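Only a predicted model underlies this, so the values are computations on that prediction, with no experimental measurement involved.
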Amino acid sequence: MADAENPLLGETTCGSLLQKLQEIWDEVGESDEERDKMLLQIEQECLDVYKRKVEQAANSRAQLLQVLSDAKLEHSTLVSALGDKSSVGIPEKGSETIKEQLAAIAPALEQLWKQKEERVKEFSDIQSQIQKICGEIAGNASEQTGALAVDESDLSLKKLDEYQVKLKELQKEKSDRLSKVLEYVSTVHDLCAVLGMDFFSTITEVHPSLGDSTGVQSKSISNDTLSRLAKTVSALNEDKKQRLHKLQELATQLIDLWNLMDTPEEERRLFNHVTCNSSALVDKVTVPGALALDLIEQAEVEVDRLDKQKSSRMKEIALKRQVELEKIFASVHIEIDPEAAREKIMALIDSGNVEPTELLADMDNQIMKAKEEALSRKEILDRVEKWMSACEEESWLEDYNRDENRYNASRGAHLNLKRAEKARILVNKIPGMVDTLVAKTRAWEEDRGMSFMYDGVPLLAMLDEYAMLRQEREEEKRRLRGQKKVGEQQNMEQETTFGSRLSPARSSGPKKVVGPRANGGANGTPSRRLSLNANQNSSRSAGKDGKRDSMKLAAPANIVTVSKDDAASHVSRTDSVPASP
């Protein structure tokens, strides 16, 4: 122990205390043995104190070393967990004291703890988002409660990047699912509008969040929701398809009934919203309410009403069809028995053995065939009309040639003269017309395998008879011209014999001949040529007035019925007609 006084101990030191003890011992008179024993005890007690202090110091050092070891372990653990290779290094053991090493590592640990807290927060946020999206996809987002436990053994940036990649994939899947959900919702909205259904109640039956208009992100995107939306869209599309099919059937029935009963356009326009989709595709029907149930019911009621009305108007409709058919036949000179046809139609309707639609369909088919027949006969009939017109001009020309006053300066005489010139040109074309008409008619008959009838008479027979009679008439003209020459020679001989005494008779002779020729032959019977042309004229006039219904062509028919015996009785009359004005 030091003998110097220690000012910190109030100037009391071990030496001063030992000196004080010696004084006390001297005063008491302690023996040396007792004194030595007491000193040994004091020394032993001092050793014990030193030992305790050394042990305490050793324990403190051990604790510091443990703290340093734990700090180093924690440092390495944090560095390993964070994956940060650039962390603050730990000083080597021999270069610094323990406390210096602890002081050096403390800031690094503090920095690593701060990084760990931030990294754990990042992991927690990402994992929470992943868990939320997974819950939305699975459909159990509402069941997930509490924060997720973060695995602190691996907080590296690589692991964080993996979570971020997974989060981005899930976000993309969520976005795709949300787009799909919105597309389904839009499709359901459009289908409900077309079908006239309540969209809100329909969509909320799939999932309540789909009817929420506050936010898009709140809508369910689960597998179950997508599956139910797909089923709803499929069911609505099938319903739309069936309703459209039903509506198109009703529209077809409406159009057929309208056409059947000649319904006016004003009434038809009331159901334009029904008939406008009669041939539309399913995807093209997008007008709201176009396939509503009340609209289909309205169309059904109208079809039922027209169907009941159809039976009462059946006879009227059928007779209209028959009149149309008769007009077609009459326009192309096909002879039918209209009364028998009408009686047959009435009998069929009254018997009830045939459906009205079938009857009208059959009549429409007959009308179509009649139109086809009329089209095939058009060219020949046009040529017949030209032939008959030429015959009328021929008849007029003969009447004109018989007129003694045709050269007088009366009103219209110059017009008749021009007509006569044109008529002669047209009459000269008649043989060519007849030949062409015969060729066309024969070709038509060979193609059809049937005779070409004109108002019940074979057209070829009419043409053959006309050609034969025309030839006979030409021969008759030549014979009359010969007789005329003989008569003129006899007159010349008589003039030579009797001189001028017969000149008055010469001037009055033609006038006497003209009278009988104009009014008839020697026996008062009309000539064949006059009869032919007169009848042709009357037949043509009847055709122009539209009154040839069920009548045979007058000119050809009368040609056939004129007896050949009449030709001889009209020689004098036809002979008197001048050849030209």
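Atoms NZ and CG, from K72 and L65 in turn, are 9.0 Å apart once rounded to the nearest 0.5 Å. Rounded to the nearest 0.5 angstrom, R228 CZ and I203 CD1 are separated by 10.5 Å. Separation of atoms CD (E446) and CZ (R442) is listed at 9.0 Å; rounding is to 0.5 Å. Summarising the geometry, atom OG1 belonging to T263 is positioned 9.0 Å from atom CG belonging to L254; distances are rounded to the nearest 0.5 Å. How far CZ of F452 is from CD1 of I334: 7.5 Å, rounded to the nearest 0.5 Å. Rounding to the nearest 0.5 Å places CG of L78 at 9.5 Å from CG of L73.
At a threshold of 4.5 Å between non-hydrogen side-chain atoms, the residues K315 and M346 count as touching. By the 4.5 Å heavy-atom criterion applied to side chains, M314 and L360 are counted as neighbours. When side chains are defined from C-beta on, L325 does not count as touching R321, because their heavy atoms never get closer than 4.5 Å. Taking 4.5 Å as the limit, some side-chain heavy atom of S16 sits within range of a side-chain heavy atom of T13. Residues E136 and K132 form a side-chain contact, since some pair of their non-hydrogen atoms from C-beta on lies under 4.5 Å apart. Residues E169 and E173 are not in side-chain contact: their nearest non-hydrogen atoms beyond the backbone lie 4.5 Å or more apart. Taking the side chain as every heavy atom from C-beta outward, I98 and V67 never approach each other to under 4.5 Å. A 4.5 Å side-chain heavy-atom check between E30 and M38 finds every atom pair outside the cut-off.
Taking a 6.0 Å sphere around CZ of R35, one finds it holds more than 12 heavy atoms contributed by other residues, nucleotides or ligands. The local environment of CD in E33 is sparse, with at most 12 non-hydrogen atoms from other residues, nucleotides or ligands closer than 6.0 Å. When the shell of 6.0 Å around CD of E316 is examined, it contains more than 12 heavy atoms from other residues, nucleotides or ligands. Heavy atoms of other residues, nucleotides or ligands lying less than 6.0 angstrom from CD of E118 number more than 12. Heavy atoms of other residues, nucleotides or ligands lying less than 6.0 angstrom from NZ of K166 number 12 at most. In the displayed structure, K116 atom NZ is contacted under 6.0 Å by more than 12 heavy atoms of other residues, nucleotides or ligands.
The only member of K241, E249, Q248 that meets side-chain hydrogen bond (donor to acceptor under 3.5 Å, both in side chains) when paired with H245 is E249.
With hydrogens and angles ignored, the 3.5 Å screen pairs no side-chain donor or acceptor of T225 with any backbone N or O of I221. Of the possible donor and acceptor atoms, one in the side chain of N59 sits under 3.5 Å from a partner among the backbone N and O of E55. Between the side chain of S227 and the backbone N or O of N223 there is no donor-acceptor pair closer than 3.5 Å. A donor-acceptor distance shorter than 3.5 angstrom exists from the side chain of S179 to the backbone of S175, with no hydrogens or angles considered. Under the 3.5 Å distance criterion, the side-chain polar atoms of E100 are matched with a main-chain donor or acceptor of T97. The backbone N or O of F200 lies less than 3.5 Å from a partner atom in the side chain of T204, making a donor-acceptor pair. One N or O on the side chain of S351 and one on the backbone of A347 form a donor-acceptor pair closer than 3.5 Å. Formation of a donor-acceptor pair under 3.5 Å by the R268 side chain with backbone atoms of W258 is found in this model. The backbone N or O of S278 sits nowhere less than 3.5 Å from a side-chain atom of T275 that would complete a donor-acceptor pair. A distance-only check finds no donor-acceptor pair linking the side chain of K219 to the backbone of V181 [under 3.5 Å].
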Exercise for the section: Given side-chain contact (heavy atoms from CB on, under 4.5 Å), test V287 with V194 step by step and report yes or no. Expected result: CA-CA 6 Å; V287 178; V194 173; over 6 Å; no
Practice task
Show the numbers, then the answer: is there a side-chain contact (heavy atoms from CB on, under 4.5 Å) between L64 and R61?
Solution key: CA-CA 5 Å; L64 289 174; R61 183 188 65 179; 5.6 Å; no
Handout entry: From CA spacing to verdict: salt bridge (charged side-chain N to carboxylate O under 4.0 Å, His left out), K172, D176
Key = CA-CA 6 Å; K172 184 178 184 304; D176 294 342; 3.1 Å; yes
Problem - CA sep, side-chain torsions, deciding dist, call: K121, V150, side-chain contact (heavy atoms from CB on, under 4.5 Å) - result: CA-CA 9 Å; K121 185 176 184 302; V150 178; over 6 Å; no
Problem - Worked verdict on D239 versus R243 for salt bridge (charged side-chain N to carboxylate O under 4.0 Å, His left out) - result: CA-CA 6 Å; D239 193 12; R243 290 194 189 186; 3.4 Å; yes
Practice task
Let me see the working for T286 and D190 under side-chain contact (heavy atoms from CB on, under 4.5 Å), right down to the final yes or no.
Solution key: CA-CA 7 Å; T286 57; D190 294 342; over 6 Å; no
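Salt-bridge check for E110 with K114: failed, with every basic side-chain N at 4.0 Å or more from each acidic carboxylate O. Taking 4.0 Å as the cut-off between side-chain N and carboxylate O, R448 and E373 count as a salt-bridged pair. One finds no salt bridge joining D32 and K37 here, because no Lys/Arg side-chain nitrogen approaches an Asp/Glu carboxylate oxygen to under 4.0 Å. Look at K378 and D382 and you find a salt bridge, because one of the NZ, NE, NH1 or NH2 atoms lies within 4.0 Å of a carboxylate O, short of that distance.
Side-chain contact of S156 with D154: a donor-acceptor pair under 3.5 Å is present, judged by distance alone. Judged by distance alone, the side chains of Q366 and D362 do bring a donor and an acceptor atom under 3.5 Å apart. For the 3.5 Å distance criterion, the side chains of E326 and Q322 qualify, holding a donor opposite an acceptor. A donor-acceptor contact closer than 3.5 angstrom is absent between the side chains of D125 and Q129. Judged by distance alone, the side chains of E379 and W444 never bring a donor and an acceptor atom under 3.5 Å apart.
Of all non-hydrogen atoms in C276 and H273, the two that sit nearest each other are SG-O, 3.5 Å. Closest approach of L160 and F123 over heavy atoms only: N-CZ, 3.5 Å. The two atoms that bring L295 and G289 nearest to each other are CD1-O, 3.8 Å, heavy atoms only. Between T202 and V188 the shortest heavy-atom distance is CG2-CG1, 4.2 Å. Annotation for V233 and Y184: closest pair CG2-CD2, 3.6 Å, computed over non-hydrogen atoms. Annotation for L247 and A290: closest pair CD2-O, 3.7 Å, computed over non-hydrogen atoms.
With F329 as the aromatic partner, K327 does not meet the cation-pi criteria of under 6.0 angstrom to the ring centre and within 45 degrees of the ring axis.
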